[in-house]
Novice: 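Let me give you the structure first, and then I'll get to my questions.
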Protein chains: 2
Amino acid sequence: MSTQQHIKPTESELEILNVLWQQGSATVREVHEKLALKKEVGYTTTLKLMQIMLNKGLVSREVSGKTHVYTAEVDKEKTQGQIMQRMIETMFNGSAMQMVMQALGNHKATKAELDMIRDYLDKKSKK
Amino acid sequence: MSTQQHIKPTESELEILNVLWQQGSATVREVHEKLALKKEVGYTTTLKLMQIMLNKGLVSREVSGKTHVYTAEVDKEKTQGQIMQRMIETMFNGSAMQMVMQALGNHKATKAELDMIRDYLDKKSKK
DNA sequence: GTTTGTGTACGAATATATTCGTAGATGAGT
DNA sequence: ACTCATCTACGAATATATTCGTACACAAAC
């Protein structure tokens, strides 16, 4: 897994990374089919994007028969963390709390979700 | 304040909106000087961006002498909420909780922050 | 009334991201 | 060995975002 300093995938790239993070690894077709569920997109578009991502080092691939199997080369938590961090800095004045409250306020979180967050906070506070 | 369905400011536009949200309203120069603290950017670049935003309805302006005074036309909470929502959907599989935990885990939240979030959750749960 | 500083308008260059067509490789089925 | 489906490579078109130069307006200072 690579150790890049600033990971800044574009929106399309992020969608692809998400598929890869979920599935562990996948062919272009598998990724494409996942994406196609959500939006209209051509197969070669997905292919091209993944080739670009390979170039940037966001993914790696290995040959399997005539197809390539891709794997994310950037860590899910780290990448998400960086994106959230940028978000917190630019939109919420550096305060994670503000962001959390915004997210929970706007979003209809279920009671179970809220409880889980509370548990998480308790554990975190005890440390 | 406008009632747009999908507010999707670009990154640069968001930076400008942030200044306007903080200051209530501001001239191009005022905005520009704020931005210039953080990054190299030409005055006319900021001007142009704000004109584009005017066109999109993201901001309004009124004449004051020879300058224009700009005001955000999109609501801060609503805009932030929409952006967070998109984020939650694409990166966190629709779960606000996952996002919150990511944010709190990565970010070093202070004890006071955690307590405030807990209070917030308590109030929210009681309803 | 000319100079200077500060403002707006806006076209156009550049940068970045996305889309897709077309060409050619390869393997499976016949 | 031919055909078909499916794959990769990649140039190029398009879309979107950003940057800035240049032109011109205006008012204050001289």
Side-chain angles (χ1 to χ4, degrees), chain A residues 4 6-20 25-71 74 79 83 86 90-91, chain B residues 4 6-20 23 25-71 74 79 83 86-87 90-91:
Chain A
Q4 302 181 38
H6 295 298
I7 309 164
K8 207 179 181 189
T10 67
E11 214 170 309
S12 302
E13 288 170 349
L14 198 51
E15 288 173 346
I16 290 171
L17 282 176
N18 270 317
V19 176
L20 294 179
S25 61
T27 62
V28 174
R29 180 144 310 271
E30 286 164 349
V31 170
H32 175 248
E33 259 150 28
K34 273 275 184 181
L35 298 185
L37 293 176
K38 296 228 164 191
K39 64 169 183 178
E40 185 80 12
V41 63
Y43 173 80
T44 57
T45 301
T46 305
L47 169 65
K48 177 69 166 186
L49 276 172
M50 291 176 76
Q51 286 169 346
I52 290 170
M53 291 169 77
L54 177 66
N55 250 281
K56 294 190 186 174
L58 293 173
V59 299
S60 62
R61 71 185 183 192
E62 83 186 0
V63 182
S64 158
K66 86 171 158 166
T67 87
H68 291 159
V69 177
Y70 286 78
T71 308
V74 289
T79 304
I83 293 171
R86 268 192 289 271
T90 66
M91 290 202 348
Chain B
Q4 303 181 39
H6 295 297
I7 308 164
K8 208 180 181 187
T10 67
E11 215 171 310
S12 302
E13 289 170 350
L14 198 52
E15 288 173 346
I16 290 171
L17 283 176
N18 270 318
V19 176
L20 294 178
Q23 321 235 333
S25 61
T27 62
V28 174
R29 180 142 313 269
E30 287 164 348
V31 170
H32 174 249
E33 259 150 27
K34 273 275 184 181
L35 298 186
L37 293 176
K38 295 228 165 192
K39 65 168 181 177
E40 186 80 12
V41 63
Y43 173 80
T44 57
T45 301
T46 305
L47 170 66
K48 177 68 164 186
L49 275 171
M50 290 177 76
Q51 287 168 346
I52 289 169
M53 290 168 78
L54 178 67
N55 249 283
K56 293 191 188 175
L58 293 173
V59 299
S60 63
R61 73 186 183 191
E62 86 186 355
V63 181
S64 159
K66 85 173 158 167
T67 88
H68 292 157
V69 177
Y70 287 78
T71 309
V74 290
T79 305
I83 294 171
R86 266 192 291 272
M87 201 107 189
T90 65
M91 289 202 348

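The sequence lines fix the lettering, A, B, ..., with proteins before strands; numbering per chain opens at 1.
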Novice: Among all residues two or more places apart in sequence or in another chain, which pass the side chain to side chain donor-acceptor pair (under 3.5 Å) test with B:Thr90?
Specialist: none
Novice: At under 4.0 Å between heavy atoms, what does B:Thr45 touch on the DNA or RNA strands: base, sugar-phosphate, or nothing?
Specialist: base
Novice: With sequence neighbours left out, what residues match B:Thr71 under side chain to side chain donor-acceptor pair (under 3.5 Å)?
Specialist: none
Novice: When you match A:Lys8 and B:Lys48 each to their closest nucleotide on DNA chain C, which lands nearer the 5' end?
Specialist: B:Lys48
Novice: Could you list by number each residue of residues 35-42 of chain B showing a heavy-atom separation from DNA chain C of less than 4.0 Å, or answer none if no residue does?
Specialist: none
Novice: What's the separation between atom CE in B:Met50 and atom OG1 in B:Thr27, rounded to the nearest 0.5 Å?
Specialist: 7.5 Å
Novice: Show me the pairs that pass side-chain hydrogen bond (donor to acceptor under 3.5 Å, both in side chains) and involve residues 42-54 of chain B, at least two apart or across chains.
Specialist: none
Novice: Roughly how far, to the nearest 0.5 Å, is the CD atom of B:Glu13 from the CG atom of B:Leu20?
Specialist: 11.5 Å
Novice: How bent is the helix from C:dG1-D:dC30 to C:dT30-D:dA1, measuring the angle between the end axes built from five pairs each, rounded to 10°?
Specialist: 10°
Novice: If you take all heavy atoms of B:Leu54 and B:Ser60, which pair is closest and at what distance?
Specialist: CD1-CA, 3.8 Å
Novice: If the condition is salt bridge (charged side-chain N to carboxylate O under 4.0 Å, His left out), which residues does A:Glu30 pass it with, not counting sequence neighbours?
Specialist: none
Novice: Taking side-chain contact (heavy atoms from CB on, under 4.5 Å) as the criterion, tell me which of A:Val31, A:Ile52, A:Val28 meets it with A:Leu47.
Specialist: A:Val28
Novice: Hey, what are the protein-to-nucleotides 5-9 of chain D N/O distances that come in under 3.5 Å?
Specialist:
residue	atom	partner	partner atom	Å
D:dT6	O2	A:Lys66	NZ	2.3
D:dC7	OP1	A:Arg29	NE	3.4
D:dC7	OP2	A:Arg29	NE	2.2
D:dC7	OP2	A:Arg29	NH2	2.7
D:dT8	OP1	A:His68	N	3.2
D:dT8	OP2	A:Tyr43	OH	2.7
D:dA9	OP1	A:Arg61	NH2	2.9
D:dA9	OP2	A:Gln51	NE2	3.0
D:dA9	OP2	A:Arg61	NH1	2.9
D:dA9	OP2	A:Arg61	NH2	3.4

Novice: Can you name the residues that form a side chain to side chain donor-acceptor pair (under 3.5 Å) with B:His68, not counting sequence neighbours?
Specialist: B:Arg61
Novice: When rounded to the nearest 0.5 angstrom, what is the spacing between CG in A:Leu17 and CE in A:Met53?
Specialist: 3.5 Å
Novice: What range of DNA chain C does chain A touch, first nucleotide to last, counting atoms under 4.0 Å from its heavy atoms?
Specialist: C:dA17 to C:dT26
Novice: Can you name the residues that form a side chain to side chain donor-acceptor pair (under 3.5 Å) with B:Lys8, not counting sequence neighbours?
Specialist: A:Glu11
Novice: With a 4.5 Å heavy-atom cut-off, do A:Leu14 and A:Ile83 have their side chains touching?
Specialist: yes
Novice: Which residues pass the salt bridge (charged side-chain N to carboxylate O under 4.0 Å, His left out) test with A:Lys39, sequence neighbours left out?
Specialist: A:Glu15
